[in-house]
Amino acid sequence: MPDEPVRVRIAPSPTGPLHIGTARTALFNYLYARRQGGTFILRIEDTDVARSSIAYEKDILDGLHALGLKWDEGPEVAGQAARGPHAPYRQMERLDTYAAAARRLLEDDKAYWCYCTPEELDAERKRLEAAKLPPRYSGRCANLTAAERAAFEAEGRKPALRFRVGDEKVAFEDLIRGRVEIDTSALGGDFVIARADGSPLYHFTVVVDDAAMEISHVIRGEDHLSNTPKHILLFRALGYPEPRFAHLPLILNADRTKMSKRKSQTAISDYLAEGFVREALVNYLALLGWSTGTEEEILSLDDLERRFDLDHVQKAGAVFDRERLEWLNGQWIRRLTPDDLVDRLRPFLEAERAAGRIDRVPTDDEIVALLPVVQERLPTLGAIGDLVGFLFVDRVDVDPAVLVPKRWDRETAIEGLRAARETIAAIGPISYEADELEPPLRALAEARGWKAGDLFMAIRVAVTGRTATPPLFDTLVALGPERSLERLDRAIERLAAAEVA
RNA sequence: GCCGCAUUCGUCUAGAGGCCCAGGACACCGCCCUCUCAAGGCGGAGAUCACCGGUUCGAAUCCGGUAUGCGGUACCA
């Protein structure tokens, strides 16, 4: 095949939020286009009017934008007109195109009107199933006479349009799986391409549009592999050139079934809301079913655009592994510049505030100051509240029981905290730095014969309310001398009061 | 049921006849670092390459069959 221009597309249905699987397919199409110097097209397949919504369309466009997958043709904003030489790119706005194609098939007798009701078809299917036969349309309406049609019309029946399947073998060369051959007799008979209400169905619109938009490579999920012969038959019947096909392995639930909302978290927006960064999402998704062929695994979108190829796409399905995503997310968070990280953290801190988990949102300067101890501790951006939220609440809740280190008793804890309080107070606000705090507190522990770790733990719990925090002295500095002493005082009171209880 | 696709450590994968009694990463375990938690470093455990036959001097890699899994089989996409 001569160098035809590469044109690929992602064709989501706005019947749900952007799904992990759709995002991965979009990514592979995008990467293929970029790598081949081709065109990446977004087409909205909204012919299932009952389940489609503009809100889902918006979620899908927003999600693709958030991942950095820019498309060359298609709608930019949900609901608004699309741009590109083949506009519109929303199927419900292309109905006349399908109607024209349907008319041609009808005129060529490659399609016919079927008056069977859903009930009749259902009964037929059940009968076949009961007889342990594969479900298949009988072809009852395949050769109706004009009189028979008129009789049905007189009954008020509205016909669906069926495509004649015929009896042959269809073979194609899948770019990932190699040669695939299917006998069309296994396709279940003539299939419906337009509903009784006139609205076109997926198998039909996908072919008409892929042809109209001059799609050169159809890269999609393996769940469409078995449907491909139907599409090829339609391409041929309509006299369109066939595109090349590449069927990607499925993304799987932990039980190795096709990934579903029911068993996994599938919405990209949910991952973004948790604080997964686009770099990690893209990196992880790219490595689900594809590899560089080397041992490299931290790859930016830029790297991927330069290296993606269909040869290294895996054939078998891949289980979605959240742990690995989290690890990659940490890798990417650690690579962000301070300014960038602050920008990305702010919305999450604002969300913490809105949820009432912190009492005020820190300033950018405060966040920047925290970065050295926070950046390597964030598995997700959303973990920020859990990590340092105690710095931005008016008062912490301290459990007296955890205030006492394992090797200590209550009295020692009170004594230790009092001594620590004096030591810290003596340092004063001017030299209140981590380097100034540590030596005297260590000296204190040594003088009293305490393990430094025990003393530090008691202080940590007193000022943060928790046993796992960023390094203690940085934490004290972030807290400031006043609030540090105040929290120590409160903790001492709590412990003293616990005596009574 | 029928049709199709797939099968390398728990998971993601490297591997395109000898470099592999199979390499990397996540997770797991241990050690180091260490004020806790992370991060990082080092090490460990973990795959008879689904199974059976064949081709070959030699097979994870080629061929055939079997098994298992998944997907499709809608007037959903």
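To find a chain, count down the sequence lines: A is the first, B the second, and so on, and within it residues start at 1. From a predicted model like this one, the values you see are computed outputs, not experimental measurements.
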Can you figure out which of B:A14, B:U11, B:G4 approaches the side chain of A:V319 most closely? B:U11
I'd like the C1' distance from B:A38 over to B:C49, given in whole Å. 37 Å
What is the distance, to the nearest angstrom, from the CG atom on A:D309 to the P atom on B:U13? 14 Å
Pick the closest RNA chain B nucleotide for A:E295 and for A:F473 by heavy atoms, then say which residue is nearer the 5' end. A:E295
Classify the nucleic acid contact of A:G330 as base, sugar-phosphate or nothing, counting any heavy atom under 4.0 Å across all strands shown. nothing
Counterpart base for B:U56, defined by Watson-Crick or G-U wobble contacts under 3.5 Å: none
Less than 4.5 Å apart, side chain to side chain, heavy atoms only: is that true for A:S199 and A:T47? no
For B:U11, which nucleotide in any strand shown is its Watson-Crick or wobble partner with both distances under 3.5 Å? B:A25
In whole angstroms, how far is the C1' atom of B:A25 from the CZ atom of A:R324? 5 Å
What integer number of Å spans the P atoms of B:A50 and B:G10? 12 Å
Using the P atom as the reference point in each nucleotide, state the distance between B:A60 and B:G69 in Å, no decimals. 26 Å
Which part of the nucleic acid does A:E181 contact within heavy-atom distance under 4.0 Å: base, sugar-phosphate only, or nothing? sugar-phosphate
Look through every strand shown and name the nucleotide pairing with B:U68 as Watson-Crick or G-U wobble, where both distances are under 3.5 Å. B:A6
Using a 4.0 Å heavy-atom cut-off to protein, can you give one letter per nucleotide of nucleotides 61-77 of chain B, 5' to 3': B if the base is in contact, S if only the sugar-phosphate is, - if neither? ---------SBS--BBB
According to the Watson-Crick and G-U wobble definitions, with both distances under 3.5 Å, which nucleotide is paired to B:U73? B:G1
Between A:A316 and A:I182, which has a closest nucleotide on RNA chain B that is more 5'? A:I182
Take the protein atom NZ of A:K451 and the nucleotide atom P of B:U36, then report the distance between them rounded to whole Å. 10 Å
A:P471, nearest nucleotide to its side chain (from B:A25, B:G15, B:C35): B:C35
Under 4.0 angstrom between A:Q314 side-chain N/O and B:A14 OP1 or OP2: yes
Against the six-membered ring of A:Y137, is A:R162 placed for a cation-pi contact (under 6.0 Å from the centre, within 45° of the normal)? yes
Whole Å only: how far is the CZ atom of A:R448 from the P atom of B:C35? 20 Å
Sugar-phosphate only, base, or nothing, as touched by A:Q331 at under 4.0 Å among non-hydrogen atoms: sugar-phosphate
Got A:Y432 and A:L437 here, is their nearest side-chain heavy-atom distance under 4.5 Å? yes
At under 4.0 Å, does any side-chain N or O of A:S291 touch on OP1 or OP2 of B:A14? yes
Walk me through it: do A:T292 and A:T294 pass the test side chain to side chain donor-acceptor pair (under 3.5 Å)? CA-CA 5 Å; A:T292 58; A:T294 69; 2.6 Å; yes
A:R322 charged N/C atom sitting above A:F320 aromatic ring, 6.0 Å / 45°: no
Taking B:C35, B:U11, B:C12 as options, the one with an atom nearest any side-chain atom of A:A318 is B:C12
So A:D303 and A:R307, salt bridge (Lys or Arg N to Asp or Glu O under 4.0 Å) or not? Walk me through it. CA-CA 6 Å; A:D303 298 330; A:R307 310 184 52 172; over 6 Å; no
What nucleic acid atoms does A:P470 come within less than 4.0 Å of, heavy atoms only: base, sugar-phosphate, or nothing? base
My understanding is that a pair needs two contacts under 3.5 Å, Watson-Crick or G-U wobble. By that rule, which nucleotide pairs with B:C19? none
Nearest-Å distance once atom P is located in both B:U7 and B:C51: 14 Å
Is the distance from the ring center of A:F191 to that of A:F204 below 6.0 Å? no
Check the distance between B:C12's P and A:L287's CG and give it to me in whole angstrom. 12 Å
Touch check for A:L133, heavy atoms < 4.0 angstrom, all strands: base, sugar-phosphate only, or nothing? nothing
Is it true that, when you exclude A:E120 itself, more than 12 heavy atoms of the residues, nucleotides or ligands shown sit nearer than 6.0 Å to its CD? yes
B:C12 to B:A27 separation - P atoms, rounded to the nearest Å: 15 Å
Measuring only the C1' atom in each nucleotide, how far is B:C62 from B:U56? A whole number of Å is fine. 10 Å
Looking only at atom C1', what distance separates B:A14 and B:C26, rounded to whole Å? 15 Å
Scanning all shown strands, the Watson-Crick or wobble mate of B:C37 with both distances under 3.5 Å is none
Can a side-chain donor-acceptor contact be found between A:T15 and A:D48 if the only test is distance below 3.5 angstrom? no
Determine the Euclidean distance between corresponding C1' atoms of B:A22 and B:U34; express it in Å to zero decimal places. 37 Å
Tell whether A:R377 reaches the base of B:C37 with its side chain through a donor-acceptor pair below 3.5 angstrom. yes
Report the distance from atom CH2 of A:W327 to atom P of B:U13, rounded to the nearest whole Å. 15 Å
Take the protein atom CG of A:L288 and the nucleotide atom P of B:A14, then report the distance between them rounded to whole Å. 12 Å
N/O (side chain, A:H312) to phosphate O (OP1/OP2, B:G15) under 4.0 Å: yes
B:A6 P sits how many Å from A:K315 NZ, rounded? 6 Å
Is A:R177 touching bases, backbone alone, or none of the nucleic acid, heavy atoms closer than 4.0 Å? sugar-phosphate
Is the distance between the ring centroids of A:H224 and A:Y202 less than 6.0 Å? yes
Would you classify A:G221 as touching base, sugar-phosphate or nothing, given that sugar-phosphate means primed atoms plus P, OP1 and OP2, and contacts are heavy atoms under 4.0 Å? nothing
Check step by step if salt bridge (Lys or Arg N to Asp or Glu O under 4.0 Å) holds for A:R442 and A:E438. CA-CA 6 Å; A:R442 277 195 189 280; A:E438 184 166 355; 2.8 Å; yes
